[in-house]
Structure formats: structure tokens, C-alpha cells
Protein chains: 2
Amino acid sequence: MPRQHGERGDGIVEHLRDGVRRGRYVPGQRLIEADMTAELGVSRGLLREAFRRLAAEGLIEIVPNRGALVRRLSLQDALELFEIRLELEALAARRAASAPEAARRQFIKDVSYIWDNQPRVSASAYISENQNFHAAIFTLAGSGQLIQLNTQLQLSLIMAQISPSLTAEVIAQSIQEHRAIAEAIENGDPVAADAASRAHLGRARDMVVKMPSDVFRQSLHGDVETVS
Amino acid sequence: MPRQHGERGDGIVEHLRDGVRRGRYVPGQRLIEADMTAELGVSRGLLREAFRRLAAEGLIEIVPNRGALVRRLSLQDALELFEIRLELEALAARRAASAPEAARRQFIKDVSYIWDNQPRVSASAYISENQNFHAAIFTLAGSGQLIQLNTQLQLSLIMAQISPSLTAEVIAQSIQEHRAIAEAIENGDPVAADAASRAHLGRARDMVVKMPSDVFRQSLHGDVETVS
DNA sequence: AACAACAATATTGTTCGACAATCTTGTTCG
DNA sequence: CGAACAAGATTGTCGAACAATATTGTTGTT
């Protein structure tokens with residue numbers, strides 16, 4: 001954790017990203033500067049720079065004169081993000097399936113945990129498995145820009161918001177679909193990988209629609225809202 | 001320009017974005033804090049927050065201990081971005097073509113300049129026309145998340161880098177393709193809009209590949225590079 | 001008890017000055 | 001000409017300060 005000169009801000013950013021992933025910070029939670037500077041041992045200036053980065057990434061929001069809070073997606077946000085993710089992950093899957101065989105073989109090793117038949121011990125275990133799996137596809141796809149864009153898709157937030165409502169059946173179904181994607185990639189079949197990705201994300205999308213509505217922030221009525 | 005409490009940073013961000021668009025700042029140029037604080041009349045802290053936002057957006061880069069500079073894309077960066085843009089803009093075009101008729105009609109009015117048959121007076125005139133046109137499609141698509149992601153696609157940088165090598169023929173060709181996209185949207189035909197978008201961006205991509213190589217930064221040899 | 005109005009407190013927005021770490025440039029020496 | 005070093009420029013980080021705004025607490029009234 002002791003980062004060197006010029007990279008201290010990275011540590012803060014990582015702390016927050018990780019904190020949201022593991023539920024230490026939850027969507028809607030306000031992030032008070034005084035508290036965080038005390039806890040992390042950094043100056044306000046550095047903390048505020050980190051906040052700005054994360055806000056641009058879409059993980060937190062900064063409301064003028066009210067400061068930073070972990071972003072809480074509306075259902076509309078989530079659906080728009082799923083729609084985008086569908087396209088980008090299909091692209092990534094195609095690229096991944098076209099990667100050199102050695103790289104694909106390594107990928108299969110890296111995600112071997114998806115073949116485990118034991119029921120996942122906890123929702124959070126599945127959440128991190130899921131994040132890892134999707135990240136591995138983007139990595140194998142080998143496009144720096146895709147990896148970068150993937151951070152804007154807010155998988156952490158979606159998982160954090162729906163995780164209390166996750167059922168064992170939904171998880172089991174997802175794992176099956178992960179295997180289908182992985183197999184298509186292993187076989188070097190871009191068309192199948194594309195299709196399997198779309199099927200997986202389409203189903204995940206439908207699942208989200210059926211969630212209790214208080215999982216999401218009430219969406220603004222306006223036509224289009226941007227996030228600074 | 002006198003923004004109010006809590007929104008001063010927005011002005012700086014806007015200034016930089018605009019500056020890159022109009023060529024006031026060019027890819028590769030270093031942005032010295034002392035100079036910019038003097039010119040913009042803001043404190044270093046605020047300026048650095050703005051830098052962090054823009055770096056997360058991908059418009060500038062921050063190199064530890066060397067500060068901020070306008071990002072200069074490698075050919076690989078540009079191609080990866082085109083590949084992604086192809087998918088996202090096709091999505092946006094489909095959505096746009098499915099928008100209510102009133103909105104589509106308004107869109108056609110907003111982009112009526114594309115029907116002008118006069119040759120564009122300057123490369124920069126075409127550049128701003130192009131940016132406007134593509135932004136209008138994303139706006140009509142009505143997805144806040146898509147609009148947000150569009151900022152990561154770095155159209156400004158690509159244009160800034162290739163603009164010295166733009167020819168009248170290439171511009172004329174692009175304008176034709178813009179018209180095809182607009183017509184498909186006007187007719188409410190998502191399939192045609194999708195196809196026209198893909199054709200346009202595919203051709204633009206091919207054009208970029210043929211550019212003189214010194215237009216782009218020499219790409220790093222590594223497998224994948226991320227931009228913080 | 002509910003509520004309005006106000007005061008007290010907390011929190012953010014912004015600036016300034018300081019100093020160490022690092023990079024850049026200029027100069028001198030071999 | 002190039003290495004080595006010194007001088008200067010620039011960034012990274014901190015802390016203190018104060019105004020603007022938001023939040024909470026208190027009081028008095030109905």
C-alpha cells in the first residue's frame with residue numbers, strides 16, 4: 001500500500017473500487033472527506049482528485065455542495081448499461097475466440113473455477129467469480145480500449161444493488177451460461193461465443209427487470225440524464 | 001464563464017475539451033500547471049481536479065512526475081476505438097431510427113447542414129460538422145449511458161490527428177454517407193440505419209489505416225496497455 | 001404533537017503558501 | 001562530442017484558512 005511519489009492517488013482509487021466490490025461502501029452512501037482523509041491518511045486535495053476520477057468513471061457521483069456518494073443506478077441506467085454491455089461483451093467474446101490458441105488455453109485455466117460443481121458458498125463468492133470471469137474475457141480480447149470502456153459498465157454497482165435479491169437458481173443458471181461462453185472461446189468459435197454472450201446478457205437483463213423496484217433509484221423523469 | 005460555487009471545475013474541463021476540438025491544444029502538447037492556472041485564473045487544486053477528470057475520460061494523459069499532456073493516439077488505439085465505435089454507433093443509429101417521429105423530424109432539421117452542396121470551406125468546418133452530426137445521433141438515441149460512453153471514443157483526438165491529412169474527396173465521401181444514415185433514421189428504418197452506420201465507420205477506419213504513419217504515436221510493443 | 005423559524009454546527013469549494021521529489025535544461029570538463 | 005554535474009523548472013503532497021452551502025438541533029408557537 002505504500003505507493004511511491006506520484007501514484008498515491010491510485011491507492012485511493014483502488015481502495016474505493018475495491019470497497020464497492022466487497023460491500024464496504026454501498027450505493028447511495030455518502031463519502032465524507034474528513035472521515036476518509038483520516039482513515040486513508042491522505043490530504044483533502046489528493047482525495048478530491050481521486051473522487052473526480054471515480055466520478056468520471058461513473059462509480060461515484062459528485063453533487064455540488066453535497067460532495068461525493070457511491071452511485072446508485074436507476075432501473076433505466078441499468079437497462080441502458082446492459083444494452084451497451086451486450087454489444088461490447090459480444091465484441092470482446094468474438095475477439096477472445098479469435099485469440100491465439102495458447103492464450104485461449106491459458107484463459108481456460110484462469111477461469112477453471114467456473115467448472116466447480118459445488119454450490120457457491122455465498123452471494124459474494126459468486127459476485128467475485130462473475131466479475132473475474134467477465135474481466136478475463138476482456139483481457140483475452142486484448143484490446144486496451146475495450147478494457148478501459150469495461151470500467152464504465154458498472155458491473156460492481158449492478159451486483160451490489162441486486163446481490164441481496166440473488167437466488168441460488170439465478171446463480172446456477174448464470175454459471176451454466178458462463179460455461180457455454182468459455183467453451184465457445186476454447187473452441188475458437190467466434191460466432192458461438194458471440195451468441196452465447198448475447199444469450200447470457202439478455203437473460204441477465206430480463207432477470208434485473210424482475211427485481212423488486214426498490215433495488216434501484218427512482219429514475220429521473222427527464223428525457224436523458226448525463227453523469228458528469 | 002463565471003460559473004457558480006461548486007461548478008468552477010466544469011469550466012476548466014469545457015475549456016480543455018473545446019480547446020482540443022478547435023486545435024488550440026494539440027495531441028502531444030504538455031499542459032503546464034503554472035501556465036494554465038495563470039491563464040484561467042484558477043487555483044492549482046482545481047486545475048488538477050479537472051486534469052484527473054479529463055484523464056479518466058481519455059482526452060489527456062497524466063504521466064507521474066511529468067504532468068498532463070493532450071493524449072496522442074497510436075494507430076492501434078485508433079483502430080480499437082473504431083471497432084468499438086462501430087458497435088456503439090450502430091446501436092445508437094438503431095435506437096435513433098426507432099425514436100418517435102416528432103423527434104426524428106427535429107433531428108433532420110438539426111442536421112440539415114449535411115445537405116448543403118457547397119464544398120466545406122475548411123477542414124475545421126467539416127470537423128465540427130462531423131462531430132455535431134455524430135453527437136446528434138447519440139442524442140436522438142436517448143440513452144444517457146450511451147452519450148456518456150461516446151465521450152470515451154475520442155473523436156476529437158482522431159480528428160485532430162488526421163485533419164492535416166484530410167482530402168476534399170474523403171470529406172465529400174463522408175458527407176454522402178452521413179446523408180445515407182440520416183435518411184435511414186428519417187425513414188424510421190433501424191436495419192438500414194445500422195447498416196449505413198457500419199458502412200460509414202468501416203470506410204472511415206480503412207481511411208485511417210492509409211494515413212501516413214507519423215500521424216500516430218508509435219504504439220507500445222506490449223500486449224495490452226491501459227489508460228488510467 | 002406537529003411545525004416553522006432560526007441558530008449552531010458540519011461539510012464542501014476554493015485559494016494560498018510551502019517544501020520535497022523529480023524532471024529538464026544549461027554549463028563545464030575531459 | 002558526450003558525460004557529469006549544477007541550476008532551474010515542474011510536479012506531488014500537505015496543511016491552514018475562509019467563504020458558501022447544507023444539515024442538524026433548538027426553540028417557540030399553534
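As the structure is a computational prediction, the values presented were derived from the model and not from experiment. Reminder, nothing fancy here: chain letters follow the sequence lines and each chain counts from 1.
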To the nearest Å, give me how far apart [atom1] ([X]) and [atom2] ([N]) are.
{"X": "A:Arg8", "N": "C:dA21", "atom1": "CZ", "atom2": "P", "result": "12 Å"}
{"X": "A:Glu7", "N": "D:dT11", "atom1": "CD", "atom2": "P", "result": "17 Å"}
{"X": "B:Met36", "N": "D:dT10", "atom1": "CE", "atom2": "C1'", "result": "15 Å"}
{"X": "B:Ile32", "N": "D:dT11", "atom1": "CD1", "atom2": "P", "result": "5 Å"}
{"X": "A:Ile12", "N": "D:dC14", "atom1": "CD1", "atom2": "P", "result": "8 Å"}
{"X": "A:Glu49", "N": "D:dT11", "atom1": "CD", "atom2": "P", "result": "12 Å"}
{"X": "B:Gln4", "N": "C:dT14", "atom1": "CD", "atom2": "P", "result": "10 Å"}
{"X": "B:Glu33", "N": "C:dA18", "atom1": "CD", "atom2": "P", "result": "18 Å"}

Could you tell me if [Y] and [X] have a donor-acceptor pair between their side chains, going purely by distance under 3.5 Å?
{"X": "B:Glu80", "Y": "A:Ser143", "result": "yes"}
{"X": "B:Arg17", "Y": "B:Thr151", "result": "no"}
{"X": "B:Gln131", "Y": "B:Ser156", "result": "yes"}

In terms of side-chain heavy atoms of [X], which of [options] is nearest?
{"X": "A:Ser43", "options": "C:dT11, D:dC14, D:dG12", "answer": "D:dC14"}
{"X": "A:Leu46", "options": "D:dC14, D:dT11, C:dG13", "answer": "D:dC14"}
{"X": "B:Asn65", "options": "C:dT22, D:dC14, C:dT15", "answer": "C:dT22"}
{"X": "A:Arg66", "options": "C:dT14, D:dT11, D:dA22", "answer": "D:dA22"}
{"X": "A:Arg48", "options": "D:dG12, C:dG13, D:dT23", "answer": "C:dG13"}

Parallel, tilted or perpendicular for B:His134 and B:His200, by the 30°/60° rule?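 The rings of B:His134 and B:His200 lie parallel, inter-plane angle below 30°.
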Geometric class of the A:Tyr126/A:His178 ring pair [parallel <30°, tilted 30-60°, perpendicular >60°]: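 If you compare the ring of A:His178 with that of A:Tyr126, the planes turn out parallel.
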At under 4.0 Å between heavy atoms, what does B:Leu47 touch on the DNA or RNA strands: base, sugar-phosphate, or nothing?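 Nothing: the residue B:Leu47, judged by heavy atoms under 4.0 Å, touches no strand.
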Which part of the nucleic acid, if any, lies within reach of B:Gly45 when heavy atoms closer than 4.0 Å are counted: base, sugar-phosphate only, or nothing?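 No contact.
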Return the nucleotide paired to C:dG30: Watson-Crick means purine N1 to pyrimidine N3 with N6-O4 or O6-N4, wobble means G-U with N1-O2 and O6-N3, both under 3.5 Å.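 Looking at the geometry, C:dG30 pairs with D:dC1.
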Report yes or no: is there a donor-acceptor pair, N or O only, under 3.5 Å between the side chain of B:Arg44 and the base of C:dG17?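 Such a pair does not exist between side chain and base.
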Between A:Arg30 and A:Gly9, which residue's closest nucleotide on DNA chain D lies nearer the 5′ terminus?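 Counting from the 5' end, the first nearest nucleotide belongs to A:Gly9.
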Quick check: on DNA chain C, is the nucleotide nearest A:His5 upstream (toward 5') of the one nearest B:His5, or the reverse? Name the residue that is more 5'.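 Result of the comparison: B:His5.
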